[in-house]
Amino acid sequence: MTTLNRRDFLYALGAASTVTGTLLGIENALPAPSKITPISGSWFEFQHHPTIEGVDWNPALVNFTCDQWQLKIKEIAETGMEYLVLMSTALHYRSFSAHIFPSWKLACDDPLEAVLSAADKYGIKFFISGGFYGDVDSPGILADPAAMSKRLQAIHEITRLYSHHKSFYGWYWPNEAFIDRYFSDEYINYVNTCSRLARQLTPRAQIMVAPYGTRVAVPDDKYVHQLESLDVDVIAYQDEVGVRKSRVEETSVFYEGLRRAHDRVRRVAIWADVEIFEFEGDVYKSALLPAPFERILRQMASVSPWVDKILVYQYQGMMNKPDSRAFCGRSESTMLYSKYMEWLKNRR
């Protein structure tokens with residue numbers, strides 16, 4: 001394969017997006033498969049918010065038995081993924097796990113116990129959510145004293161009920177930050193307050209956040225100072241391709257700058273949160289569909305030189321093993337699963 005310089009590499013990524021591109025043509029425009037980092041994990045959920053986005057898989061998840069939740073974990077483990085990031089332990093003032101709010105009415109009484117038990121068996125590492133303990137859409141949720149009180153109560157309760165699982169790998173603080181060039185003081189306080197308690201209760205647990213605004217982050221000295229003050233172990237930056245804020249051919253530049261910042265704060269790993277979906281219609285106002293694998297492969301190639309691991313948003317709804325007994329999503333999700341698994345096989 002011809003060696004590409006940086007400018008030619010980025011051009012090739014853009015050119016490969018033409019409608020006439022086939023998978024073979026796109027792979028010819030990319031680095032060798034061994035240079036593209038495979039998917040290490042995915043976000044995971046018991047119900048998707050907003051509902052309109054998850055319309056094609058939320059009903060199935062409501063009806064999943066505990067056995068089906070365990071089968072879904074097994075299915076994901078078979079792809080070689082190692083990490084799952086639980087989006088929420090509560091949503092819309094209803095709990096999936098700890099009894100902070102009344103429970104969601106699901107076919108499985110304790111889906112968190114079901115998935116952690118399966119993860120113990122199949123070698124999956126879970127980041128467990130510390131949200132959402134308030135109005136998930138409220139702009140004031142980070143600073144809301146009532147929401148913070150519930151959050152900390154939930155961290156205590158989740159630790160008591162579930163931290164004995166070997167798959168309980170870490171915590172995820174899901175109230176996302178917009179990096180408006182820099183993190184807000186409010187966000188840093190939210191993260192550090194949650195992390196302080198989590199470190200006391202589960203000192204070996206890793207802590208992750210996944211902010212958006214990757215394209216506008218300014219990774220200068222001030223940003224590095226903020227990284228030093230943020231009590232987390234992993235930041236998984238959203239590539240924002242699925243939400244149409246960034247183009248694939250742009251993202252390498254964003255992650256390159258952030259990599260340099262993280263190289264100055266070695267204790268905070270840099271991961272990518274690659275969006276493997278597209279919207280059926282308007283952004284945020286229509287169903288999520290599996291994106292073409294050809295686009296996803298370009299997304300992975302773009303961030304691979306700069307990140308330690310690639311996670312995706314998300315396996316559920318976007319990918320299903322063709323014969324899955326825990327199917328959730330549209331039928332075309334099997335195509336994305338099959339294409340990725342074929343690429344992974346050839347890469348090996």
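- A donor-acceptor pair is defined here as one N or O able to donate and one able to accept, closer than 3.5 Å; no such pair exists between the side chain of N175 and the backbone of L142.
- Using a 4.5 Å cut-off on side-chain heavy atoms (C-beta onward), L84 and Y315 make no contact.
- Looking at E342 and K345, no side-chain N of the basic residue comes within less than 4.0 Å of a carboxylate O on the acidic one, giving no salt bridge.
- Side-chain contact annotation: D144 with Y190, donor-acceptor N/O pair under 3.5 Å absent.
- If you chain together hydrophobic residues whose side chains sit under 4.5 Å apart, F293 and I310 fall into the same group.
- Judged by distance alone, the side chain of S167 and the main-chain N or O of A119 form no donor-acceptor pair under 3.5 Å.
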Legend entry - D110 and Y162: CA distance, side-chain angles, deciding distance, side chain to side chain donor-acceptor pair (under 3.5 Å) verdict: CA-CA 11 Å; D110 192 345; Y162 302 105; 2.9 Å; yes

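- With hydrogens and angles left out, the side-chain atoms of T202 and T159 include no donor and acceptor closer than 3.5 Å.
- Here CD1 of I207 is found 13.0 Å from CD1 of I128. Values are rounded to the nearest 0.5 Å.
- Counting heavy atoms from C-beta outward, F132 and P174 have side chains that approach closer than 4.5 Å.
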Inset, instruction - Apply side chain to side chain donor-acceptor pair (under 3.5 Å) to E82 and S40, showing your working. - result: CA-CA 6 Å; E82 183 180 1; S40 292; 5.6 Å; no

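- In this structure, the separation between NZ on K74 and CD on Q68 is 14.5 Å, given to the nearest 0.5 Å.
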Inset, instruction - Assess whether side chain to side chain donor-acceptor pair (under 3.5 Å) is satisfied between H165 and E113, documenting all intermediate values. - result: CA-CA 9 Å; H165 285 281; E113 177 63 31; 3.0 Å; yes

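- Under a 4.0 Å N-O distance rule, the pair D221/R264 qualifies as a salt bridge.
- Here the side chains of L297 and W343 are in contact, with some heavy-atom distance below 4.5 Å.
- Using a cutoff of 4.0 Å between basic side-chain nitrogens and carboxylate oxygens, E75 and R325 are not scored as salt-bridged.
- Here the CD atom belonging to E294 is positioned 11.5 Å from the CD atom belonging to Q299, to the nearest 0.5 angstrom.
- The pair E256-R259 does not meet the salt-bridge criterion, since no charged nitrogen lies less than 4.0 angstrom from a carboxylate oxygen.
- In R181, the CZ atom is not crowded: 12 or fewer heavy atoms of neighbouring residues, nucleotides or ligands sit closer than 6.0 Å.
- Taking all atoms of both residues into account, the shortest heavy-atom contact from Q70 to S117 is NE2-CB, 3.9 Å.
- The side-chain heavy atoms of K222 and V218, taken from C-beta on, include no pair separated by under 4.5 Å.
- Proximity of F46 to S88: side-chain heavy atoms (C-beta onward) are nowhere separated by under 4.5 Å.
- For the residue pair Q238 and E176, a side-chain donor N or O sits within less than 3.5 Å of a side-chain acceptor on the partner.
- The distance from atom CZ of R196 to atom CG of L152, rounded to the nearest 0.5 Å, is 9.5 Å.
- Checked against the 6.0 Å centroid criterion, the rings of F126 and F168 do not qualify as a close aromatic pair.
- Under the 3.5 Å distance criterion, with hydrogens and angles disregarded, a donor-acceptor pair is assigned to the side chains of S252 and W306.
- Using modelled atom types and a 3.5 Å distance limit, the side chains of W57 and E45 yield a donor-acceptor pair.
- The shortest distance between side-chain heavy atoms of V62 and Q47 falls below 4.5 Å.
- By the 4.0 Å N-to-carboxylate-O rule, K166 lies too far from D120 to be salt-bridged with it.
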Inset, instruction - For salt bridge (Lys or Arg N to Asp or Glu O under 4.0 Å), just list the numbers for E275 and R295, CA-CA rounded to whole Å, side-chain angles, deciding distance to a tenth of an Å, and then say yes or no. - result: CA-CA 10 Å; E275 296 174 346; R295 191 201 83 184; over 6 Å; no

Inset, instruction - Check the pair S95 / S103 against side chain to side chain donor-acceptor pair (under 3.5 Å), numbers first and verdict last. - result: CA-CA 5 Å; S95 290; S103 296; over 6 Å; no

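- Hydrophobic clustering of Ile, Leu, Val, Met, Phe, Trp and Tyr side chains at less than 4.5 Å, counting indirect connections, unites V85 with V268.
- Between the side chains of D239 and Y212, no donor-acceptor pair of N or O atoms lies under 3.5 Å.
- Both I100 and V136 are assigned to one and the same hydrophobic cluster, defined by single-linkage of ILVMFWY side chains at heavy-atom distances under 4.5 Å.
- No more than 12 heavy atoms of other residues, nucleotides or ligands shown are found within 6.0 angstrom of CG on D185.
- Remark: side-chain polar atoms of S129 are paired, donor with acceptor, to backbone N or O of M87 under 3.5 angstrom.
- A 6.0 Å sphere centred on CZ of R267 holds more than 12 heavy atoms belonging to other residues, nucleotides or ligands.
- A donor-acceptor contact closer than 3.5 angstrom is absent between the side chains of Q316 and H48.
- A 6.0 Å sphere centred on NE2 of H92 holds more than 12 heavy atoms belonging to other residues, nucleotides or ligands.
- In this structure, E157 pairs ionically with R160, as a charged nitrogen and a carboxylate oxygen lie closer than 4.0 Å.
- In summary, the side chains of Y237 and H262 do present a donor paired with an acceptor at a separation below 3.5 Å, with no hydrogens or angles considered.
- For L112 against S97, the heavy-atom pair with the smallest separation is CD2-CB, 3.5 Å.
- Ring orientation note: the planes of W271 and F127 are nearly perpendicular, at an angle over 60° on the 30°/60° scale.
- At a threshold of 4.5 Å between side-chain heavy atoms, the hydrophobic network of Ile, Leu, Val, Met, Phe, Trp and Tyr places F178 and F183 in two separate groups.
- Separation of atoms CG (L30) and NZ (K35) is listed at 14.0 Å; rounding is to 0.5 Å.
- Between L106 and N63 the shortest side-chain heavy-atom distance does not fall below 4.5 Å.
- Here E240 does not pair with R215 in a salt bridge; the nearest charged N to carboxylate O distance is not below 4.0 Å.
- W173 has its side chain out of reach of R151: every pair of non-hydrogen atoms, C-beta onward, lies at least 4.5 Å apart.
- Of the inter-residue distances, the one linking K309 atom NZ with I270 atom CD1 reads 13.5 Å to the nearest 0.5 angstrom.
- Linking Ile, Leu, Val, Met, Phe, Trp and Tyr residues whenever their side-chain heavy atoms come within less than 4.5 Å places M81 and V234 in a single cluster.
- Annotation for M335: atom CE does not count as buried by contact number, only 12 or fewer foreign heavy atoms lying within 6.0 Å.
- Ring centroids of Y133 and Y93 are separated by 6.0 Å or more, keeping the two rings apart.
- Using cut-offs of 30° and 60° for the angle between ring planes, the F277 and F279 rings count as perpendicular.
- Among all heavy-atom pairs drawn from P31 and I36, the shortest one is O-CD1, 4.0 Å.
- In the displayed structure, R244 atom CZ is contacted under 6.0 Å by more than 12 heavy atoms of other residues, nucleotides or ligands.
- Between the side chains of N320 and T334, no donor N or O sits under 3.5 Å from an acceptor N or O.
- Remark: aromatic rings of Y169 and Y83 are close, center separation under 6.0 Å.
- Ionic pairing of R260 and D220 is not present here: no N-O contact between side-chain nitrogen and carboxylate oxygen is shorter than 4.0 angstrom.
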